[in-house]
2 protein chains.
Amino acid sequence: MTPMAHSAQARQALSSLSGFPEWLPAGRVVEQQFIDILRRTFELHGFSGIQTRAVEPLTELTRKGESSKEVYLLSRLQGGPGEAGEADPAKQLGLHFDLTVPFARYVIDNAGILHFPFKRYQIQKVWRGERPQEGRFREFYQVDIDVVGDGSLPLHYDVEVPLIMHEALSALPIPAITIHVSNRKVAQGFYQSVGIEDDRLVEVLRVVDKLDKIGTDAVAVELVETVGITRAQAEAALGLATMTGTDPDQLRARVLSALDGAEPSALLLAGLDELESLLRVAARRRPGAIVADLKIARGLDYYTGTVYESFMAGHEDLGSVCSGGRYDSLASNGKRTFPGVGISIGLSRLLSRVMGAGLIEVTRAVPTAVLVAVTDEEHRAVSDAVADALRERGIAADVAPTAAKFGKQIRFADKRGIPFVWFPGAGTESDSVKDIRSGEQIDADPATWSPASEADLAPQILLAADPSSAAGA
Amino acid sequence: MTPMAHSAQARQALSSLSGFPEWLPAGRVVEQQFIDILRRTFELHGFSGIQTRAVEPLTELTRKGESSKEVYLLSRLQGGPGEAGEADPAKQLGLHFDLTVPFARYVIDNAGILHFPFKRYQIQKVWRGERPQEGRFREFYQVDIDVVGDGSLPLHYDVEVPLIMHEALSALPIPAITIHVSNRKVAQGFYQSVGIEDDRLVEVLRVVDKLDKIGTDAVAVELVETVGITRAQAEAALGLATMTGTDPDQLRARVLSALDGAEPSALLLAGLDELESLLRVAARRRPGAIVADLKIARGLDYYTGTVYESFMAGHEDLGSVCSGGRYDSLASNGKRTFPGVGISIGLSRLLSRVMGAGLIEVTRAVPTAVLVAVTDEEHRAVSDAVADALRERGIAADVAPTAAKFGKQIRFADKRGIPFVWFPGAGTESDSVKDIRSGEQIDADPATWSPASEADLAPQILLAADPSSAAGA
């Protein structure tokens, strides 16, 4: 079986229940390897992995209001009338719809035990009670990293967090990712400077955030007619949103000149300083990873400074694959405030695109490198011993299910993409192993043999050279 | 910070929501390493990892009736009246309460694509809507392996599945596990042979299954008074339940002699043959792993042959930590029947015991091996470069959050259990690295240095020599 055919299998996300994707084994190989690579990078940078429970009290999930429509509530099928609580909203439980809300709660729950700054990664499924007809995922993996401080959190984490995520994403077999950054202080400070009143700043930001969805003209109309700023102010805001670049000096000059003589507010200057410091470190540590893009607003979230969105080369239509930003208060328990900065990948959506578009191939759907043939059932123990000897040296092995004709046993391996079939020798005869791709067969000893190519030890994921041809496989 | 103190942290399962355990970072290190070790063993044996969606239609979850009380139902918080379905049980969704029901559904959904026999492992959380006051877990990890055939499945998998699970469990830093096996054909065939009618066989099995809970006398009473078998038959059934051993010939002789001259039924002889073949292979491949124990019945499940339960040395009070068996029909779609054999660990319960009882220690709660100190904020880039050089060679590194006094930076490492602190040299001075456990400090180059002990590269989990002393840490 060719890698192409496995790629076709990897592509298949099942949907016997709309919005709840499920992978065939080849697809799960890809998902698991993606998760392993991301995790490895985060751990190299000192992030602790945590998992939070899947459920939170409804009061926790709806604290910020806007996401309440997406919550799945739980009830016990056999919850009897004697068991209190489910009618009481304070005791009602729902599935988490992101990993930020549970992480903030975890920080508060454990504020006395955790060491700050606390760097954590979290890779878990989340659920959103979307309307079925929208065709969105209702269950999917999110991959989050955050750094959270106690009282304060140094600014250098604002650049470290996206650089680490970029390093992790660059280790995946996917097209290049660019992280676009802005800073809400720049946008809001700029709006202040052109005379927009403070109580309209967030609303302007939210409308500008719709640029990619509804276009410049519609945003301009909404800014003037709904938000109530002047046409000149709307044009200035839209002008700011066109600015991109990696040179902080040029960017600063363009922003200030767009003020058209107006005095820059203290907030604008603070934002430009933060953005400049981020861009300088990014250019030095990972050139090309990060670009300033002043239209990034994350309008629906509660960020207070740096914000991120990320785009995959050739797949900009997918929208941001990885987003985040800084919160002055990720969490607070009244006495202490915990600022944080984080970034999150919607992994299932990313995987669905790269597999659905045939961008990657997987060499096989099973971990097995060697199928040990069985000569006859009386000698199954001989084959078991060969397999155990291979496994002891880290070579994944399976033993044929029945002592069928060797041709049938080879087809068993071939159908699964297992590259090698091992034939135990009878009597004084030596064992031999056959590479069923090339047909080459050599004498071998299970205590010493290894595949010539280490890549044959585990399924390999490859970025397809030509997706359009792979798509036809 | 000593390993003991981290062990105390690892032990702490949080319960701000009853039944939904959450680990501190040290506990999650243990959980993740357990999962990694189990997965690695399963893959060496050629098992494919799959994940199924967390939800199933209620009709699927309640098909077998008895578990319906444990189901959590989902509803959309904002599900409007125009959106059909939630009152219709066929469209109602619930969280899966085990991994067998979803796996059976996955096999049917993909019967045309999967290759059989299909070997899969599955490590996911499951949910049970238990009554809160029972103090049971309502969310926990299960770890399942199953082999499923199309139409038939060779008997040798009945011994391979528990041996693989035993190999996986033996790789964990926990007390020894012994897998106890029986075969329902032996029990039911024996009951037949002593004259119990066929329509009472399953009921006898279910009552005998309560032996550990209610004791011999209560079981005898229930067998006679409720099930309605004779006192002599009840005594014979209880006598069978006392038989254990690893020698199949002795076991066969004891079972047959307990018939007291009655003719063994064909079912009993078939069961003894299956059990004998399992014990012979087990004794050869993993002596001591498996023992026959004829009281094992798995009364509430739908097994049809071999059944397994497993016990941890010194922790028999915990009950079975890993159970399973063979189904003649794991799944069926009307036209095809899929027999299966599998075994499942209740991982969260196992972890909760080994951590709660102080059986294991973890050397640190963070992946970080080296904290790179920062001399002053102007030179943070130097420290970043050291950390990147270490990471490139697989050494997890973090950089101090601020350029505090070195004493404070060392305490930062110490509190987290990070073993090494790296000091970048100023000017022409060489860098140096300090093992903060021993105090030893040596000159070092980030391009070549590695810790003397490879164990320092990642958190290590150790089986505590003396749990009672660790418990006091």
Side-chain angles (χ1 to χ4, degrees), chain A residues 9 14 16-17 20 22-25 28 32 43-55 57 68-69 71-79 83 94 106 109-110 113 115 117 119 125 127 129 131 139 154 156 284-285 365-368 380-381 384 391 394 396-398 401-402 415-416, chain B residues 9 14 16-17 20 22-25 28 32 43-55 57 68-69 71-79 83 94 106 109-110 113 115 117 119 125 127 129 131 139 154 156 284-285 365-368 380-381 384 391 394 396-398 401-402 415-416:
Chain A
Q9 272 203 20
L14 305 168
S16 73
L17 209 55
F20 293 91
E22 236 172 32
W23 299 108
L24 285 168
R28 176 62 185 163
Q32 182 70 66
E43 291 185 351
L44 280 174
H45 285 267
F47 283 72
S48 290
I50 69 160
Q51 291 210 326
T52 55
R53 63 194 186 215
V55 308
S68 60
K69 66 179 178 304
V71 171
Y72 271 123
L73 288 178
L74 296 191
S75 58
R76 293 176 48 226
L77 179 56
Q78 301 287 324
E83 295 152 39
Y106 181 95
D109 276 358
N110 303 299
I113 302 167
H115 300 298
K119 299 168 77 173
K125 283 187 178 148
W127 293 269
R131 294 164 64 93
E139 175 181 56
H156 59 81
R284 189 182 70 235
R285 295 189 69 184
V366 293
T368 322
R380 174 169 292 277
D384 284 339
R391 291 167 189 143
D398 199 357
T402 63
K415 274 199 280 188
R416 287 160 176 79
Chain B
Q9 271 202 20
L14 305 168
S16 73
L17 209 54
F20 294 91
E22 236 172 31
W23 300 109
L24 285 167
R28 176 60 185 163
Q32 181 70 66
E43 291 184 351
L44 280 174
H45 285 267
F47 283 72
S48 289
I50 68 159
Q51 292 210 327
T52 55
R53 61 195 189 216
V55 308
S68 61
K69 66 180 179 302
V71 172
Y72 271 122
L73 288 178
L74 296 190
S75 58
R76 293 176 49 226
L77 179 56
Q78 301 286 322
E83 295 153 39
Y106 181 95
D109 277 358
N110 303 299
I113 301 167
H115 299 297
K119 300 168 76 174
K125 282 185 179 151
W127 293 269
R131 296 163 64 95
E139 175 182 57
H156 60 80
R284 190 181 68 236
R285 295 189 68 183
V366 292
T368 321
R380 174 168 293 277
D384 285 339
R391 291 168 188 143
D398 199 357
T402 63
K415 275 198 282 190
R416 287 160 176 78

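Computed from a predicted model, the values in this text were never measured in an experiment. Naming: A, B, ... by sequence-line order, numbering from 1 per chain.
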**Atom group of B:Pro401 that falls short of 4.5 Å from chain A, counting heavy atoms** =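 Contact with chain A is through both the backbone and side chain of B:Pro401.
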[X] side chain near [Y] side chain, heavy-atom distance below 4.5 Å:
X: A:Tyr106; Y: B:Leu24; result: yes
X: B:Gln51; Y: A:Trp23; result: no
X: B:His45; Y: A:Asp398; result: no
X: B:Leu77; Y: A:Tyr72; result: no
X: B:Leu17; Y: A:Val55; result: yes
X: A:Asp384; Y: B:Arg285; result: yes

**Asked** So, B:Arg76 side chain and A:Gly129 main chain: donor-acceptor pair closer than 3.5 Å or not?
**Response**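 Such a contact is found between B:Arg76 side chain and A:Gly129 backbone.
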**Item:** N/O donor-acceptor pair under 3.5 Å between B:Glu139 side chain and A:Ala54 backbone
**Value:**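 Such a contact is found between B:Glu139 side chain and A:Ala54 backbone.
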**Rounded distance [0.5 Å steps], CZ in B:Arg416 versus OG in A:Ser48** =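 Separation between the atoms: 9.0 Å.
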**Request:** Enter the distance from B:His156:NE2 to A:Thr402:OG1 here, rounded to the nearest 0.5 Å.
**Result:**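 Reported to 0.5 Å precision, the distance equals 7.0 Å.
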**Request:** Determine the minimum heavy-atom distance between B:Arg53 and A:Glu22, stating which atoms define it.
**Result:**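 B:Arg53 and A:Glu22 have their closest heavy atoms at N-OE2, 2.9 Å.
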**Item:** Closest approach of A:Gly46 to B:Pro367 (non-hydrogen atoms, all atoms of both residues)
**Value:**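 Looks like C-CG, 3.8 Å.
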**Message:** So for A:Pro117, is it side chain, backbone, both, or neither that comes closer than 4.5 Å to the heavy atoms of chain B?
**Reply:**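 Contact with chain B is through both the backbone and side chain of A:Pro117.
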**Asked** Quick one: salt bridge (Lys or Arg N to Asp or Glu O under 4.0 Å) partners of B:Arg391, sequence neighbours excluded?
**Response**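 Applying salt bridge (Lys or Arg N to Asp or Glu O under 4.0 Å) to B:Arg391 gives B:Asp388.
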**Item:** salt bridge (Lys or Arg N to Asp or Glu O under 4.0 Å) partners of B:Glu43, counting only residues at least two apart
**Value:**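 Only B:Arg39 meet the salt bridge (Lys or Arg N to Asp or Glu O under 4.0 Å) criterion with B:Glu43.
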